[in-house]
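Remarks on the structure that follows.
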Amino acid sequence: MKAWLLLSLACDHPEASVPVPLPDPICPGPSSPNKSFLEKSNAWGLLGVEGVRIEAIDFDGDGWTDLHVHRGGDLADDFAPAGVRQSWLLRNTEGTGFLDVTESSGFRSGRTGLPRPGSVVAWADVDNDGDLDAYTGLSDPSGALEETSEIVLNQGNGTFALGPEANMARRKAEDDVPAGAAFHDFDRDGKVDLWVPQNSVNYLPQQDELFRGNGDGSFDRVTLPAGLETFDWTGTPVADLNAGLAHSNAWSAAACDVNDDGWPDLLAGSYGRAPNALWMNNGDSTFENRSVASGYAYDERTDWSDNESARCYCQLHPTAEDCAGVPPAEFIACAVDADAFRWNHATDREAYRLGGNSATAVCADVDNDGDRDLLTAEIVHWDVGASSDPSELLINDGTGVFSRPGNDVTGLVRDHAIVDWNDGDMTAAVLDFDNDAWPDLYVGSSDYYGARGLLFRQDSPGHFASVPIEDGIDHTRSHGVAVADFDRDGDLDLVVGHSLSRCEEDCYPTANIRFFENQSGGNAVRFTLVGGAASNRAAIGARVRVTADGVTQTQDVGGGHGHYGMQSDITMQFGLGAACEAEVEVRWPDAAGTLERWTLPAGHAFVLPQGGSPQVAD
């Protein structure tokens with residue numbers, strides 16, 4: 001028998017529903033793998049592809065998820081036979097491997113006639129013509145380079161062309177130090193916009209930038225009219241620094257709706273133990289600074305007295321302010337030159353210096369309560385003590401205010417077997433790798449001895465257990481991650497990068513990326529959203545709720561995020577546990593916040609066009 005679907009053309013006009021035939025479910029049952037992932041890099045043709053910045057995207061629209069990979073840094077590709085490559089655009093050949101089409105696609109062609117440099121990349125359909133375009137960010141601290149950041153337009157035939165020359169997103173002849181990029185539609189006018197947090201120039205943080213899309217590949221800068229202006233660090237009162245009112249020292253980007261009002265909010269993670277930024281969308285094309293009030297700027301742990309360098313300082317200056325009662329250093333020998341070792345007593349006791357070295361923040365509903373939580377990836381050094389924010393889960397109360405239950409509560413604990421440990425967490429992902437309808441976590445740690453990829457399975461609501469290396473991901477110096485069902489077998493695979501920074505004996509010979517093919521199986525449903533006339537075509541910002549077997553999951557369609565550019569597939573996949581069908585609700589990112597609902601069978605991929613009937617995409 002055929003299953004039948006009732007498509008609600010409008011939530012308040014149920015009489016407009018029409019029956020649409022759907023295939024029977026394919027429902028193999030819950031997953032029960034002996035080993036969750038197998039490393040299959042060579043089988044997928046990835047030998048020689050090296051990088052730490054990875055995006056999973058279907059750039060040619062054939063239903064098979066492709067890859068873009070970049071080493072990092074801002075050198076250009078040399079496509080000569082013996083030349084050094086910096087980036088790879090890889091077409092998925094229907095699940096049999098990847099084909100390098102970087103040069104033939106023109107994706108890296110520049111205005112000078114030479115290959116174009118730039119490492120920050122985010123993808124969306126900026127001109128609403130049905131294929132994915134890209135922003136490519138180039139770091140130019142002096143504004144003197146011939147090439148610039150660019151919008152690259154997909155021609156729909158496997159090639160790309162540079163967007164309009166007159167384009168504020170290029171920041172031509174300006175200081176430009178993008179630290180990440182996120183497409184979204186902040187004013188819900190059906191044309192994607194672009195959020196580009198900025199890093200520093202000569203160690204001075206810069207103003208983060210917001211660009212409104214015109215729908216033709218050009219963007220207008222609207223940072224100041226949108227209320228996003230922040231202050232220079234030099235000369236700004238300490239109270240304003242503590243309040244998160246100064247520039248972020250950006251190390252990542254994110255755009256997601258944290259208070260479930262339908263309007264995307266903007267986030268920037270900050271390096272250097274500086275406050276992270278969170279801007280709440282007012283729904284009128286302006287934003288409010290909620291960095292500290294939201295709990296994202298930094299955590300409440302402000303006791304610096306276990307910082308080894310601070311202890312040294314107080315040993316050498318026992319009468320200095322707040323030094324009374326500070327214990328002596330436990331692990332380092334304090335000498336006169338210790339005054340300069342990781343501690344400035346005049347500033348480092350302030351709240352704005354007691355946060356984290358914050359890289360990627362992943363917006364995801366990790367506890368299935370309907371709102372967007374945050375998984376943060378942070379660099380933490382052994383000597384700085386408990387005041388440095390670790391990688392952890394920030395749990396949303398539904399209004400965009402986050403609490404930090406702590407890793408001892410959530411189970412995201414680390415085995416620090418040596419005294420001088422370093423957590424080099426910069427990239428992370430949230431995915432339901434075992435299709436049990438509860439999100440799991442991957443944290444990529446890199447650049448320090450012993451750092452590796454860490455996979456955590458949600459073993460009970462809100463609690464996570466480490467997946468043993470032999471059963472999951474065996475990958476040292478893990479930097480960069482993208483998630484997609486690359487082989488379309490119903491479970492999510494991972495592609496991870498490898499950093500050679502600060503290498504000791506635990507690095508691989510090259511920075512080759514690695515493909516981990518999921519073996520879990522289980523029940524799932526997969527679909528790609530297509531926005532209608534009032535929404536952006538790729539449905540960036542759509543909120544999807546899937547209910548099956550009494551559990552409701554929530555995901556948003558993303559337009560890039562993370563540390564210097566990363567992206568997981570905009571085709572959405574939901575594990576269904578033991579269920580064989582799912583109730584699906586989509587809130588489209590149009591001005592009206594249109595809702596549509598379907599019932600879909602497990603085991604299939606669908607295209608869901610706004611206002612139209614689902615199409616089977618198996």
Side-chain angles (χ1 to χ4, degrees), residues 1-6 20-38 56 63-65 95 364-370 429-442 455-461 464-465 467 471-472 483-494 516-529 543-557 568-586 597-608 614-618:
M1 294 178 60
K2 289 285 185 182
W4 290 86
L5 165 103
L6 289 181
V20 178
L22 288 175
D24 292 326
I26 301 173
C27 197
S31 62
S32 56
N34 293 320
K35 183 174 175 62
S36 300
F37 291 90
L38 293 178
W64 294 89
T65 306
D365 182 11
V366 297
D367 51 8
N368 283 344
D369 67 349
V430 176
L431 70 157
D432 180 9
F433 77 84
D434 55 3
N435 281 334
D436 68 349
W438 289 90
D440 311 302
L441 311 177
Y442 181 81
L455 181 65
F456 296 91
R457 179 180 180 273
Q458 190 161 185
D459 59 351
S460 61
F464 297 81
V467 177
D471 295 334
V483 178
D485 184 4
F486 291 98
D487 52 8
R488 289 174 49 169
D489 66 349
D491 46 34
L492 293 169
D493 312 302
L494 272 78
F516 287 91
E517 190 175 285
N518 197 334
Q519 307 298 300
S520 298
N523 302 332
V525 65
R526 163 186 169 96
F527 42 81
T528 304
L529 303 183
R543 175 151 295 185
V544 182
R545 289 190 167 95
V546 169
T547 301
D549 204 19
V551 175
T552 298
Q553 306 169 65
T554 305
Q555 295 183 31
D556 291 357
V557 180
S568 292
D569 199 357
I570 64 172
T571 291
M572 314 188 81
Q573 181 156 313
F574 290 82
L576 301 180
C580 292
E581 69 175 18
E583 303 295 328
V584 178
E585 177 187 273
V586 176
R597 299 181 179 90
W598 302 268
T599 301
L600 298 176
H604 298 278
F606 297 93
V607 175
L608 303 182
Q615 303 164 18
V616 179
D618 294 350

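Put simply, the side chain of Phe574 does not reach to within 4.5 Å of the side chain of Val584, judged on heavy atoms. Side-chain atoms of Met572 and Val546, non-hydrogen and from C-beta on, never get closer than 4.5 Å to each other. Asn435 has its side chain within reach of Gln573: a pair of non-hydrogen atoms, C-beta onward, lies under 4.5 Å apart. In this structure, Asp485 and Asp493 have side chains that are in contact, with non-hydrogen atoms separated by less than 4.5 Å.
Here the side chain of His604 pairs no donor or acceptor atom with the backbone of Phe527 at under 3.5 angstrom. A donor-acceptor distance shorter than 3.5 angstrom exists from the side chain of Gln458 to the backbone of Pro439, with no hydrogens or angles considered. Although no hydrogens or angles enter the test, the distance criterion places no donor-acceptor pair under 3.5 Å between the side chain of Asn523 and the main chain of Cys580. Side-chain N or O atoms of Asp365 include none that pairs as donor or acceptor with a backbone N or O of Thr552 at under 3.5 Å.
Atom CG of Leu608 and atom CD of Gln615 lie 9.0 Å apart (nearest 0.5 Å). Taking CG from Asp440 and CZ from Phe456, the interatomic distance works out to 11.5 Å, rounded to the nearest 0.5 Å. From Phe606, atom CZ reaches atom CZ of Arg526 across 12.0 Å, with rounding to the nearest 0.5 Å. With rounding to the nearest 0.5 Å, the separation of CG in Asp434 from CG in Asp491 is 10.0 Å. The structure places CZ of Phe486 at 12.0 Å from CH2 of Trp64, a figure rounded to the nearest 0.5 Å. Atom CH2 of Trp438 is separated from atom CG of Asp367 by 7.5 Å, given to the nearest 0.5 angstrom.
Taking every heavy atom of both residues into account, Cys27 and Ala578 meet most closely at SG-O, 4.4 Å. When all heavy atoms are compared, the tightest approach of Val607 to Ala617 is CG2-CB, 4.0 Å. Heavy atoms only, all atoms of each residue included: Ala579 and Ala548 are closest at CB-CB, 3.7 Å. Here the shortest heavy-atom pairing between Leu576 and Ala582 reads CD2-CB, 3.8 Å. In terms of heavy-atom proximity, Gly522 sits nearest to Pro28 at O-CG, 3.8 Å. Of all the heavy atoms in Ala429 and Val483, the pair that sits closest is CB-CG2, 3.8 Å.
A salt bridge links Asp556 to Arg543: at least one charged side-chain nitrogen sits closer than 4.0 Å to a carboxylate oxygen.
Asp569 pairs by the side chain to side chain donor-acceptor pair (under 3.5 Å) definition with Thr65, not counting sequence neighbours. A search for side chain to side chain donor-acceptor pair (under 3.5 Å) contacts involving Ser568 returns nothing, not counting sequence neighbours. Qualifying side chain to side chain donor-acceptor pair (under 3.5 Å) partners for Gln555, counting only residues two or more places apart in sequence or in other chains: none.
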Decide yes or no on side chain to side chain contact (heavy atoms under 4.5 Å, CB included) for Glu585 and Glu583, but give the supporting numbers first.
CA-CA 7 Å; Glu585 177 187 273; Glu583 303 295 328; over 6 Å; no
Side chain to side chain contact (heavy atoms under 4.5 Å, CB included) between Leu600 and Leu22, worked out:
CA-CA 8 Å; Leu600 298 176; Leu22 288 175; 4.1 Å; yes
Step by step, would you call Phe433 with Phe37 a ring-ring contact (aromatic ring centres under 6.0 Å, His included)?
CA-CA 9 Å; Phe433 77 84; Phe37 291 90; 5.7 Å; yes
